[in-house]
There are 2 protein chains.
Amino acid sequence: MPKTISVQALQRLPTYLNYLKSLPLDKDAKISARALGNALGYGEIQVRKDLSAVSDGGKPKVGYCTAELIRDIEIFLGYDDVNDAVLVGAGKLGKALMSYEGFKTYGLNIVAAFDSDLAKCGTDESGKQVFPIDKMENLCKRLKVRIGIITVPASSAQQVCDILVEGGVEAIWNFAPTHLSVPEEVVLKNENMAASLAILSKHLSEKDWNCP
Amino acid sequence: MPKTISVQALQRLPTYLNYLKSLPLDKDAKISARALGNALGYGEIQVRKDLSAVSDGGKPKVGYCTAELIRDIEIFLGYDDVNDAVLVGAGKLGKALMSYEGFKTYGLNIVAAFDSDLAKCGTDESGKQVFPIDKMENLCKRLKVRIGIITVPASSAQQVCDILVEGGVEAIWNFAPTHLSVPEEVVLKNENMAASLAILSKHLSEKDWNCP
DNA sequence: ACAATATCGATATATCATTATCTATTGCAT
DNA sequence: ATGCAATAGATAATGATATATCGATATTGT
């Protein structure tokens, strides 16, 4: 029976991983759930629970073996095998993502980008190829790309999304500030900046209410 | 007593708003919770619950008045009054955010940016000024900036964060893939792309398990 | 006018996530 | 050895969120 993990816990794993990797590399280093939690602002019980889903345990009085933990999380998250992705929309945000080196460490490899504006096509400064959008479906199929990243304006996002799905993409990462409908079997993750802003903005206005 | 709203619901509000605004503008248009839910992939009960926190209600057999709903959500989210923000880190992502026009509609106004690299200082292509980072604390205080956006590499994020806090910033929007510690009274929102990727990546690898 | 229907709102239930409590294990100092 | 402190792990309790049920109300068609 596969271990279960909550969505929230799953989203915390990269944070653990990131912190663990920032530690001085020592093959036999150990870390306790409490230390890890303190560093990241989580409770120690939560840390243990999160880690129980990915690792086969730490030792009392010692803690977890840092190196093992790193490996276990990476395997669990699938960072060990690379997922190919395409990006649609070579605007400012698209370019920023294209040239972000960090994705490699997350097992994400952007193999190509597309844009409807022919002026943006060619080789990007990141070294990646930008193709006209009508090549997209075919190229996705040929390369068996599994992930599509959408960084086009909201107005064309659904259209782009449909093409990606047609091209056999299995997961879509949407940066356009709009809702997309996808078939059930396709995973959709919205990077909803407006939602984040809503939180900040609400907190600020609540401060104004409470503090006279 | 002020109406309460869950964090999750709060994060859905911008999505409602965005969809409502995409509808043909008609002063007397009405929309039912079910229609709204179907369009966005939410359950109708959830929609009603979410909206109950912001609006003073729809009418049976009719639904909600679209125009009123838009206004109510905007007021609730504070989009009517503008919050000034500064951005730190004029790299690719920073520039992308600086030139994103959409923030205006969310009541966010980036008044200035900072970077430690003097070569990046001056006037950005977005028309915004980029200042050396040692001017930051002072400028935040003078302009009473409430929001700080961090788009620097993980290694310098905490340092930048501390300066922002010193400068009196009340909310921090962190795009660096690292954990930040802030005083209790400062709101921190992490835009954790790694966390989103974790979800996609996990779903993909789970597909591989289940489908032989 | 009255029934039928669509819809809202409130309450209750179920699901999911976090935190607290308790027990068991390990290493260390005596 | 033996007892103490630190720590993991399991279970239970709390809290947050989503879903279901039910009654109330407005519109529409007879």
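For clarity, every value in this text was computed on a predicted model and none was experimentally measured. Lettering follows sequence order; numbering is per chain, from 1.
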Quick one: which of [options] gets closest to the side chain of [X]?
X: B/Lys59; options: D/dT27, D/dT17, D/dT7; value: D/dT27
X: A/Ile45; options: C/dT25, C/dA17, C/dT21; value: C/dT21
X: A/Ser32; options: D/dT7, C/dA17, C/dT19; value: D/dT7

Practice item. Measure across A/Asp115 and A/Ala90 and return the closest heavy-atom pair with its distance rounded to 0.1 Å. Key: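 Looks like OD2-N, 2.6 Å.
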[N], OP1 or OP2 - any side-chain N/O from [X] closer than 4.0 Å?
X: A/Tyr64; N: D/dG9; result: yes
X: A/Arg12; N: C/dT18; result: yes
X: A/Arg48; N: D/dA8; result: yes
X: A/Gln8; N: C/dA17; result: no

Rounded to whole Å, how long is the line connecting atom [atom1] of [X] with atom [atom2] of [N]?
X: A/Lys49; N: C/dA20; atom1: NZ; atom2: C1'; value: 12 Å
X: A/Ile31; N: D/dA6; atom1: CD1; atom2: C1'; value: 15 Å
X: A/Asp50; N: C/dT19; atom1: CG; atom2: C1'; value: 12 Å
X: B/Tyr42; N: D/dT17; atom1: OH; atom2: C1'; value: 14 Å
X: A/Lys61; N: C/dT25; atom1: NZ; atom2: P; value: 17 Å
X: A/Glu44; N: D/dA6; atom1: CD; atom2: P; value: 12 Å
X: B/Ile5; N: D/dT17; atom1: CD1; atom2: P; value: 10 Å
X: B/Leu69; N: C/dT7; atom1: CG; atom2: C1'; value: 15 Å

Review point. So do B/Thr15 and A/Asn190 actually touch side chain to side chain, heavy atoms under 4.5 Å?
Key: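 Not in contact.
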Review point. Any side-chain heavy-atom pair from A/Glu137 and A/Ile163 closer than 4.5 angstrom?
Key: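 Touching, per the 4.5 Å side-chain cut-off.
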Check your understanding: Is the closest basic N to carboxylate O distance between B/Glu101 and A/Lys92 below 4.0 Å?
Key ->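 Salt bridge between B/Glu101 and A/Lys92, a charged N being under 4.0 Å from a carboxylate O: no.
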Practice item. Would you kindly compare A/Gln46 and B/Gly57 by the position of their nearest DNA chain C nucleotide and give the one closer to the 5′ end? Key: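 Going by which nucleotide is closer to the 5' end, it is B/Gly57.
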Under 4.0 angstrom, heavy atoms only, what part of the nucleic acid is [X] near: base, sugar-phosphate, or nothing?
X: A/Ala33; value: sugar-phosphate
X: B/Gly58; value: sugar-phosphate
X: A/Gly43; value: nothing

Check your understanding: Parallel, tilted or perpendicular: which fits the ring planes of B/Tyr100 and B/Tyr106, with parallel below 30° and perpendicular above 60°?
Key ->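 Aromatic pair B/Tyr100/B/Tyr106 classed tilted.
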